[in-house]
Amino acid sequence: MTTKAKKYDFREIEGKWQKHWESSGLNRAAADPDPKNKFYMLVMFAYPSGDIHMGHFRNYIIGDAVARQQMMFGKSVLHPFGWDAFGLPAERAAIGRGVHPEEWTRQNVEVSRSTLQKAGISYDWSREVNSCRPDYYKWTQWMFVQLFKKSLAYRKRGFVNWCPEDKTVLANEQVKDGKCERCHTPVVKKDQEQWYFKITDYADRLTDDLDSLPGWPDNVKTMQKEWIGRSYGAEIDFVIEETGEKLPVFTTRPDTIYGVTFMAIAPEAEIVQRLNLEGEDKKKVEEYKHKALARNDIERAAVTEDKDGVFTGKYAINPFNNERVQLWVADYVLAGYGTGAVMAVPAHDTRDFAFAKKYGIPIKVVIHPDEKTSLDPDQMPDAYVDYGPMVNSAHFDGLSGDSAIKSVTEFASQKSIGRSKVNYKLRDWLISRQRYWGCPIPIIHCAKCGQVAVPESDLPVLLPKVENFMPKGRSPLADVPEYVRVKCPECGGEAERDPDTMDTFVCSSWYYLRYVDSANSREPFGRERAAAWMPIDLYVGGITHATGHLLYFRFFQKFLKDIGWAADSEPATRLFNHGMVMDSKGEVMSKSKGNVVSPVALMEQRGVDVTRLAMFFTAPSEKEVLWSDESISGVEKFAINKFFPLASLFRRSEPDLKCYFKHDHLSDFEWQLYVKLNQTIKRVSDSFERLQFNTAIAALMELVRDYDADRVKNDVFNDYLILKTIQLAAPMVPHMAEEMWEITGQADSIFKSRWPVHDPEAVVGDTIEVAVQVNGKLRDSVTVAADADQKAVEEAAFESQKVLKFTQGKQIVKKIYVRGRILNIVAKG
RNA sequence: GCGAAAGUGGCGGAACUGGCAUACGCGCUGGAUUUAGGAUCCAGUGCCGAAAGGCAUGGGGGUUCAAAUCCCCCCUUUCGCACCA
């Protein structure tokens, strides 16, 4: 070849095409797409904490490759981006450096946006949203008001998770291992009144609808199911002996009701106040309660075996047999689950067993492992927790398992001493925060009218600009009189604004709907537009949001459906969790460790496309990556020395990319190459479907390796092959591909061209190699015609000396032929 | 403790429903070329063995004509839940 390959000047090429895409509106999504031919590609809302790092970069190029391929499928693509801009880090930075959170956030957004633009990600920036701007949070407040109107936003007093470092309350989902998810400070319990969203009303749907999401990974679905924690059982009304007050308890094992030997109540449970405790008992219980509350969740969870508690001196009556049992307060009972009290059956529950042993409480066996085996309470090393026939249980004796549970429950409801009951681990979502940098809660507290929602015409409630937002345990807004003091919208009297702001997860629970109509000033979004674009076809993000954001946003979608704003019950049909990017030693990148690798320097030194390709090639998208710049060298050589020069080998014929070649129009070498091309189209397409870009690149490397311009005489085929190869790589290396596409004289953007479809007649060559095994061991392989039947393969096999060596003198027992792959000869003797 | 996922060359990783294990790349070895190169090109590269052949997908059993893939036990790693009655 004498043609001199055009030099690859990535700086020039990247700038040129980014400008071109911008001016031609390539990434601009249609206002009203055809719902049957749309693709909504979404990456998770980004917190602008500084510039983006390798982890973000990986996330966004995955989304970009998919979005660009979808363009090439001819779809209307929506691929938006925006900022989850409220939140603590902005406040921390502000406190630390004396910059206002708004300014700090604005600067970070600028920097990150320009990095993303530099990386050539195909976002439709005209739809960019920012949750800390009034034109966005107006509608977050609107969402709150809709929930409030349906009584799904409400205030409640109770023990809440309090982070002493951040000086704010947290939702259950934001406490990990008893620590604040953000700052890792152990949380403590505080008794406070806070705002909640009633997500528990949706617990059943949030669980059941997971089964309608085949495109979601099983681990996420399992985590959500466990988090919601639905369990079926019965509620049985015990009675406090002295006061006669009913004390219902939830149990999944009503079949052990006759084995109850004590009751245990959580220290925080309200009913403790109503036990009429006096003297020594009252003192002991108060002391214990203080001790329990002082322990944080980690300590409480750590005492797995050593359970403690105090006897209240009071008794409860088991409604099934009128037995009197001791009433204890114990902190192994959780206040927030069920009724905060449990019926303790030491013989059949490990925790109750440990507790009973410690305090010498009787153990009564009411379940036997089977008819023939009986248990001796004094000899039991631990509780027997499996099902078995009931004993010592009056007329229920002999029943076991599900039928026992059913009979006991039915009996309870007939006698009005209990009922069947479903319980959940999921708690309502605590959304109020005592922090400045968040979306104000649009509620006015009026002495006369109570909680009054700010009228929609008065939204947004603007976050006032204040100088001092140091957290001190109550909202900084509470100290801004001109903000707090307000007239009641209903009676016109003096009233006060709610000083709290919302959890930022509220902002990120509906942002995907704002994108469909981000400039709408009259509504949060147009319903028809939402109906046309929704659901999200692919949602890409980290696994960290499995039980937080991904639960909240499903909840919002369902709520919006219920009030007529959304058409689907689920927001996203497919979810993909990409792996994390760690440093080369396997440590999580973090600012405090100072090991954050930025893609910026790499993109500047080696080019955007090479950096993207290196990230794609290093591992499949779902796996974690230990990033090292050395990963680049292989793909860089491929991209610059092998792939890019293909454009210069173009011969200016005008191949019809919609056509397939026939065997007799090509030489043997060309036909082989044509088969390879079609195999590659198939492999790359399959790899894209699974988001396994590493194998897509490997396939392209093989194709380019096998291509030999000197041996391709047919110009049209030569050009056909080159164009298709460029197309296959385009979503991964968009600038390079676009440049090559132009060098070959194509008029329009490559992303307006159609993604290659493999020729079904040409994925198998004329001849195939069939492996021949004798007794399961590979002995030889034979080359036969592609359409050869078993007989022909056998004939060929038995001509092989290597095969004969192992079959001669032996009896052929059977022959198994797997078409086109393998022949296994089973020989005996 | 419970639950889930994973474990393949020196390394990153291939192998879609059981059907030629180690594709592709890095690294390494040898060679070519170059004033030189951390550039480029060619060849080799799982282990044992001179070869024939044998052995290899964390370890041990099993199912099958055939197992990285399915089943059982164990080990390791990662993630999730951590008293949910």
Side-chain angles (χ1 to χ4, degrees), chain A residues 176-178 217-220 222-224 226-227 229-231 233 249-253 256 264 266 297-298 300-305 307 330-334 336-345 348-352 354-355 385 423-427 543-544 546-547 577 579-580 586 614 617-620 622-628 630-638 641 682-683 686-687 689-690 692 694-702 705 769-781 802 805-806 813-828:
Chain A
K176 303 274 171 214
D177 295 324
D218 287 334
N219 59 342
V220 172
T222 307
M223 280 164 72
Q224 292 210 347
E226 283 175 3
W227 189 263
R230 180 166 61 191
S231 63
V249 293
F250 176 73
T251 179
T252 54
R253 293 297 301 276
T256 64
D297 282 4
I298 312 164
R300 277 175 78 157
V303 286
T304 19
E305 285 314 307
K307 310 203 174 305
D331 79 349
Y332 79 91
V333 181
L334 302 174
Y337 184 75
T339 57
V342 299
M343 54 176 236
V345 186
H348 307 294
D349 181 283
T350 353
R351 298 152 300 184
D352 301 343
F355 195 86
V385 298
N423 239 318
Y424 307 87
K425 289 193 210 174
L426 183 73
R427 311 291 153 80
I543 183 74
T544 45
T547 53
N577 299 119
M580 297 223 289
F617 189 61
T618 197
E622 72 277 6
K623 258 202 96 162
E624 97 181 5
V625 156
L626 305 190
W627 180 258
S628 139
E630 287 158 37
S631 324
I632 287 198
S633 67
V635 283
E636 184 172 48
K637 274 190 266 183
F638 167 72
N641 301 345
K682 196 164 182 296
R683 282 172 69 187
D686 290 348
S687 295
E689 180 57 35
R690 294 191 289 157
Q692 281 202 6
N694 57 331
T695 50
I697 295 164
L700 284 167
M701 284 172 164
E702 285 184 43
R705 176 196 65 193
E769 279 209 358
V770 176
V772 183
Q773 296 182 331
V774 179
N775 293 334
K777 287 199 161 129
L778 183 70
R779 295 304 175 188
D780 201 1
S781 69
K802 291 180 188 165
K805 193 171 157 190
F806 291 90
V813 183
K814 63 173 159 179
K815 291 166 281 196
I816 296 116
Y817 178 59
V818 182
R819 223 184 102 78
R821 290 182 180 272
I822 205 163
L823 174 70
N824 191 11
I825 300 161
V826 185
K828 223 167 69 179

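Below, chain A is the first sequence line, B the second, and so on; all start at residue 1. Keep in mind it's a predicted model, so treat the numbers as computed, not measured.
- Using a 4.0 Å heavy-atom criterion, one finds that A:S628 contacts no nucleic acid atom at all.
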Reading 5' to 3' and counting Watson-Crick or G-U wobble pairs with both distances under 3.5 Å, write the dot-bracket notation for RNA chain B, | for bases paired outside the strand. (((((((..(((......[....)))((((((.......))))))(((....)))..(((((..]....))))))))))))....
Going 5' to 3' through nucleotides 39-52 of chain B, assign each nucleotide B (protein heavy atom under 4.0 Å from a base atom), S (under 4.0 Å only from sugar-phosphate atoms) or - (no protein heavy atom that close). -SS----------S
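- Across B:A4 and B:A82, the matching C1' atoms stand 15 Å from one another, rounded to whole Å.
- With both ends at atom C1', the span from B:U45 to B:C11 equals 14 Å, rounded to whole Å.
- Partners of A:T252 under the side-chain contact (heavy atoms from CB on, under 4.5 Å) rule, at least two apart in sequence or in another chain, are A:S231, A:F250.
- Shown here are the side chain to side chain donor-acceptor pair (under 3.5 Å) partners of A:D349, two or more places apart in sequence or in another chain: A:R351.
- Closest of all the heavy-atom pairs between A:A827 and A:V774 is CB-CG1, 4.4 Å.
- The two atoms that bring A:R427 and A:Y337 nearest to each other are NH2-CB, 3.9 Å, heavy atoms only.
- Counting only heavy atoms from C-beta on, A:K777 has its side chain closest to B:G54 among B:G54, B:C26, B:A85.
- For the pair A:K802 NZ and B:G53 P, the interatomic distance rounds to 8 Å; values are reported in whole Å.
- No side-chain donor-acceptor contact under 3.5 Å links A:E622 to the backbone of A:N577.
- Of all non-hydrogen atoms in A:V625 and A:T618, the two that sit nearest each other are CG2-CG2, 3.7 Å.
- The A:V818 side chain lies nearest to B:G19 when the options are B:A82, B:G19, B:C83.
- To the nearest 0.5 Å, the span separating OG on A:S687 from CD1 on A:I697 amounts to 9.5 Å.
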Where protein sits on nucleotides 63-68 of chain B, one letter per nucleotide: B base, S sugar-phosphate only, - none, heavy atoms under 4.0 Å: --BS--
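- For A:Y337, a side-chain nitrogen or oxygen approaches OP1 or OP2 of B:A85 to under 4.0 Å.
- In this entry the distance linking CG of A:L626 with P of B:U78 reads 13 Å, nearest Å.
- Listed candidates were B:G54, B:C24, B:A85. Nearest to the side chain of A:Y332 is B:A85.
- Where A:S631 and A:A341 meet RNA chain B, the nucleotide closest to each residue was compared, and A:S631 sits on the side nearer the 5' end.
- Rounded to a whole angstrom, the distance from the C1' atom of B:C75 to that of B:C26 is 30 Å.
- Straight-line distance between the C1' atoms of B:U57 and B:A15: roughly 11 Å, to the nearest whole Å.
- Taking the syn range as angles within 90° of 0, the glycosidic angle of B:G9 is syn.
- For A:R779 and B:G54, the shortest distance from a side-chain N or O to OP1 or OP2 is below 4.0 Å.
- Taking the side chain as every heavy atom from C-beta outward, A:K176 and A:T544 never approach each other to under 4.5 Å.
- Distance from the side chain of A:S231 is smallest for B:A85 among the nucleotides B:G80, B:A21, B:A85.
- A:R821 places its CZ atom 17 Å from the P atom of B:U69, with the value rounded to the nearest Å.
- Residue A:S781 is classed as having no contact, given no heavy-atom separation below 4.0 Å to the nucleic acid.
- Comparing the P positions of B:A43 and B:G54 gives a spacing of 29 Å, expressed to the nearest Å.
- Considering only heavy atoms from C-beta on, A:D352 stays 4.5 Å or farther from A:M343 through its side chain.
- Rounded to a whole angstrom, the distance from the C1' atom of B:A50 to that of B:G60 is 35 Å.
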Sugar-phosphate or base contact per nucleotide [nucleotides 7-14 of chain B; S, B, -; heavy atom under 4.0 Å]: -----BSS
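- A:K176 comes within contact range of the sugar-phosphate backbone alone, with a heavy-atom separation under 4.0 Å but no base atom that close.
- Of the possible donor and acceptor atoms, none in the side chain of A:N824 sits under 3.5 Å from a partner among the backbone N and O of A:I816.
- Summarising the geometry, the separation between CG on A:L334 and C1' on B:A85 is reported as 9 Å, rounded to the nearest angstrom.
- Within the 4.5 Å cutoff, side-chain heavy atoms of A:N219 are placed close to those of A:I543.
- Within the 3.5 Å criterion, the main-chain N or O of A:V385 finds a donor-acceptor partner in the side chain of A:R253.
- A:K425 approaches A:W227 most closely through the heavy-atom pair CB-O, 3.6 Å.
- Residues A:R779 and A:V772 form no side-chain contact, since every pair of their non-hydrogen atoms from C-beta on lies 4.5 Å or further apart.
- Between B:A85, B:C20, B:A23, one nucleotide has an atom nearer to the side chain of A:E702 than all others, and that is B:A23.
- Straight-line distance from the CE atom of A:M223 to the P atom of B:U78: 17 Å, rounded to whole Å.
- The CZ-C1' distance, from A:F250 to B:C83, rounds to 15 Å in whole Å.
- Taking the P atom of each, B:G80 and B:G9 are spaced 27 Å apart, rounded to whole Å.
- Within the nucleic acid shown, A:E630 has no heavy atom closer than 4.0 Å to any nucleic acid atom.
- One can place CZ of A:F638 at 9 Å from P of B:G25, the figure rounded to the nearest angstrom.
- We find that CG of A:N219 is positioned 12 Å from C1' of B:G3, with the value rounded to whole Å.
- Put simply, the side chain of A:I825 does not reach to within 4.5 Å of the side chain of A:F806, judged on heavy atoms.
- Considering all non-hydrogen atoms of both residues, A:F617 and A:A698 come closest at CE1-N, 4.2 Å.
- Across all strands, A:K815 comes closer than 4.0 Å to no nucleic acid atom at all (heavy-atom distances).
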